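Let me begin by presenting the structure, written as structure tokens, before commenting on it.
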Amino acid sequence: MSDDNELIRRRLAKLRALRERGIDPFGSRYPVTHWVRDFERLRDRATEEELRNLGTVSVAGRIMALRHHGKTCFAHLRDYTGQIQLYARADQLADDYALFTELDVGDFIGATGELFRTRTGELTVAVKSFAFLAKSLRPLPEKWHGLKDVETRYRQRYVDLLVNQGVREVFTLKSRLIKAVREFLDARGFLEVETPMMQPIPGGAAARPFVTHHNALGTDLYLRVAPELYLKRLVVGGLDRVYEINRNFRNEGVSTQHHPEFTMLEFYQAYADAGDLMELTEALLLHLAQSLTGSPRLTYQGESVDLSPPWRRLSFFQGLSEALGAPVAPDADPGSVQRLARAKGIEVDSEAIGGQLWKELFETLVEPTLAEPTFVFDFPLELSPLSKRRRENPRLADRFELFAARTELANAYTELNDPHEQRERFREQATQRERGDDEAHWLDEDFIRALEYGMPPTAGEGIGIDRLVMLFADQPSIRDVILFPALRPESQAAGAGNGEER
RNA sequence: GAGCCGUUAGCUCAGAAGGUAGAGCACCUGCCUUUUAAGCAGGGGGUCGGUGGUUCGAUCCCACCACGGCUCACCA
């Protein structure tokens, strides 16, 4: 919307007019005495006398609505904490009344006056004086229907936040959730740390990295796909309980469940195993539910999810066996498994063998059934190159994933702490990489060296924070819980239409 | 990356056999000193996402492109 838009032209004209009268449309500080929330107590209960005793108050915020009535004018002013009505009268404001009626929805003003209650009972500031704090030059979306266009909501999140009531609540909830995670872990003696986001060897997850370049060091670096290998180095260094909440970057497609940068909690606890983390995870999510909503029962997209522990525990192969209608085990013949799958109408990639086959089948057959919180445990070892083996069955990893609302929320395992076996596992990954799997893990010599110094038995877990927020805030797309989701750049034409000029 | 759907006024949406478009809100003018989706009367505003093609004529049909959404694929 360039300047030839009538609505913008009108506002620019008002801007000029203000300046000609010696008024700065973009004012400076305003001595606010009250946030709107401070009036909350008074809103319904205060008597006329109590309101009078309060004397003069000063509020500041954005005009959200204007109702002109000739010689009076009502406005709604919104600050960070709420909305309050303003009432301006020609006989009170004298010459300034004309200025008040020139205000536009979207403008920031500061207003000073006394509180009173209107005929309809609404708490209102009778404006004695006001100041221009910032002129708004673009019209806001409609007061009734708000902003619905998804693209605009994501690209211009500031407008979305302004106009759509629930959006701010989602991101407030995200912030509260992260805070509650910290409370929970801090209370259990975990230390929050930060590890490199730019890594010379991207490790800790099977994923394709983003590449960037450091000029002074003259080297390529990768945006991390996981902090895992660095956090374990810290456990080697004696930090027995560490966690990090930060961004991971994976060079993959986007979907309602996936975003190229996403926030992940990873934590490591020495002298524990995956089983301990199941209990910790139950306790953590329960704590979150209590902090955020006060109840372990949630509704996600019309479906109820009950986080009350204990949660269902399902072994990977038991889940698969049930889905396939015949028992399968890690050493099953791939051909016969593929036949079983086909009998169920599932066409699997004939290239897929071993871990890949299991993974494909599990994702197709079992994951979509996991609505209630479920720990899936005993993963095929091939899928878990950083995880310790099960003693009873060396083809299984001591690992679990948490599913709820048919989505993977967490991934945890007892960490492999034998440096020689870790080197072997990396070698296997290297062969896969040579076979063209560009998501296979890279060999990280320094990580092996760290393990050679000795890492205590440790359990580690990663939890996708954005997905957790989706669950708690009942949002269908990960883009709805990321303030500025990744989008293609606006085209030249669209850019011109959105006024990047000025 | 593939398939399907979408893009009309600042916003939310209608619309037509193919004959250059409409509503509500917002905006402008007038009236209005307790309104609140204020009201009443009048008015302005559109390269119908872009580029080509078919046609006497395209916003509508066709092709290509851009952007977005959903599903699939990959991952968490």
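If you're wondering where the values come from, they're calculated on a predicted model, not measured in any experiment.
- Comparing A:D91 and A:R467 along RNA chain B, the residue whose closest nucleotide (by nearest heavy atom) sits nearer the 5' end is A:D91.
- Nucleic acid contact class of A:A205 (heavy atoms, under 4.0 Å, all strands): none.
- Distance CZ (A:R11) to P (B:A26): 12 Å, rounded to an integer number of Å.
- In this entry the distance linking CG of A:D149 with P of B:G10 reads 13 Å, nearest Å.
- Considering every non-hydrogen atom in both A:T112 and A:S58, the closest pair reads OG1-OG, 2.8 Å.
- Atoms CG and CG, from A:D444 and A:L229 in turn, are 5.5 Å apart once rounded to the nearest 0.5 Å.
- The line from CZ of A:F316 to CG of A:L361 is 8.0 Å long, rounded to the nearest 0.5 Å.
- Two residues are said to be in side-chain contact when any heavy atoms from C-beta on lie closer than 4.5 Å; A:R313 and A:F377 meet this criterion.
- Within a 6.0 Å radius of CH2 in A:W442, other residues, nucleotides and ligands contribute more than 12 heavy atoms.
- The residue A:G462 sits apart from the nucleic acid: no heavy atom pair falls under 4.0 Å.
- Note on A:R89: a base of the nucleic acid sits closer than 4.0 angstrom, heavy atoms only.
- Scanning both residues, A:L409 and A:A404, for their nearest heavy atoms gives CD1-CB, 3.7 Å.
- Across A:L162 and A:M64, no two heavy atoms sit closer than the pair O-CE, 4.0 Å.
- Spacing between B:G24 and B:G19 at atom P, rounded to whole Å, works out to 24 Å.
- A:R488 has a side-chain polar atom (N or O) that falls below the 4.0 Å cut-off from OP1 or OP2 of B:C67.
- Taking atom NE2 of A:H68 as the reference point, atom C1' of B:C27 lies 11 Å away to the nearest angstrom.
- Nucleic acid contact class of A:I463 (heavy atoms, under 4.0 Å, all strands): none.
- What separates CG of A:N5 from C1' of B:C11 is a distance of 11 Å, to the nearest Å.
- One C1' atom belongs to B:U59, the other to B:U7, and the distance between them is 12 Å to the nearest Å.
- When each of B:A76, B:C13, B:G24 is scored by its nearest atom to the side-chain atoms of A:K148, the top-ranked nucleotide is B:C13.
- One P atom belongs to B:C60, the other to B:U55, and the distance between them is 16 Å to the nearest Å.
- When each of A:K143 and A:R67 is assigned the nucleotide of RNA chain B bearing its nearest heavy atom, the one mapping closer to the 5' terminus is A:R67.
- Judged by distance alone, the side chains of A:Q85 and A:T118 never bring a donor and an acceptor atom under 3.5 Å apart.
- Here the separation of B:C56 from B:G18, taken at their C1' atoms, is 12 Å to the nearest Å.
- Counting heavy atoms of neighbouring residues, nucleotides and ligands inside a 6.0 Å radius, atom CD of A:E48 exceeds 12 of them.
- Distance CG (A:D480) to C1' (B:G68): 13 Å, rounded to an integer number of Å.
- No side-chain donor from either of A:T414 and A:D273 sits under 3.5 Å from a side-chain acceptor of the other.
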Every protein N/O within reach of nucleotides 43-46 of chain B N/O, cut-off under 3.5 Å:
residue: B:G44; atom: N2; partner: A:E6; partner atom: OE1; Å: 2.8
residue: B:G44; atom: N3; partner: A:E6; partner atom: OE1; Å: 3.4

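- Atom CG in A:L140 sits roughly 12 Å away from atom P in B:U12 (whole-Å rounding).
- No N or O donor and acceptor, one from the side chain of A:T72 and one from the base of B:U34, sit under 3.5 Å apart.
- Here the separation of B:A14 from B:U54, taken at their C1' atoms, is 28 Å to the nearest Å.
- Spacing between B:U47 and B:U8 at atom C1', rounded to whole Å, works out to 12 Å.
- Using modelled atom types and a 3.5 Å distance limit, the side chains of A:R138 and A:N5 yield no donor-acceptor pair.
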Given Watson-Crick and G-U pairs under 3.5 Å, RNA chain B in dot-bracket ([ ] crossing, | other strand) is (((((((..((((.....[..)))).(((((.......))))).....(((((..]....))))))))))))....
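- A:R11 approaches A:S136 most closely through the heavy-atom pair NH1-O, 3.1 Å.
- Cation-pi geometry between A:R157 and A:F484 is not met at under 6.0 angstrom from the ring centre and within 45 degrees of the axis.
- For A:W144 and B:G24, the ring-to-base geometry does not satisfy the stacking test (centroid distance below 5.5 Å, interplanar angle below 30°).
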Taking only N/O atoms, report every protein-nucleotides 70-74 of chain B pair under 3.5 Å with atom names and distance.
residue: B:C70; atom: OP2; partner: A:R479; partner atom: NH1; Å: 3.0
residue: B:C70; atom: OP2; partner: A:R479; partner atom: NH2; Å: 3.4
residue: B:C74; atom: O2'; partner: A:E252; partner atom: OE1; Å: 3.1
residue: B:C74; atom: O2'; partner: A:E439; partner atom: OE2; Å: 2.7

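- Atom NE2 of A:H69 is separated from atom P of B:C32 by 13 Å (rounded to the nearest Å).
- No side-chain donor-acceptor contact under 3.5 Å links A:E228 and A:Y230.
- Nearest to the side-chain atoms of A:Q85 among the listed nucleotides B:U34, B:A76, B:U35 stands B:U35.
- B:C62 and B:C4 have their P atoms separated by 13 Å, given to the nearest Å.
- Comparing the same atom, P, in B:G69 and in B:C13 gives a spacing of 16 Å after rounding to whole Å.
- In this structure, A:E142 places its CD atom 13 Å from C1' of B:A9, rounding to the nearest Å.
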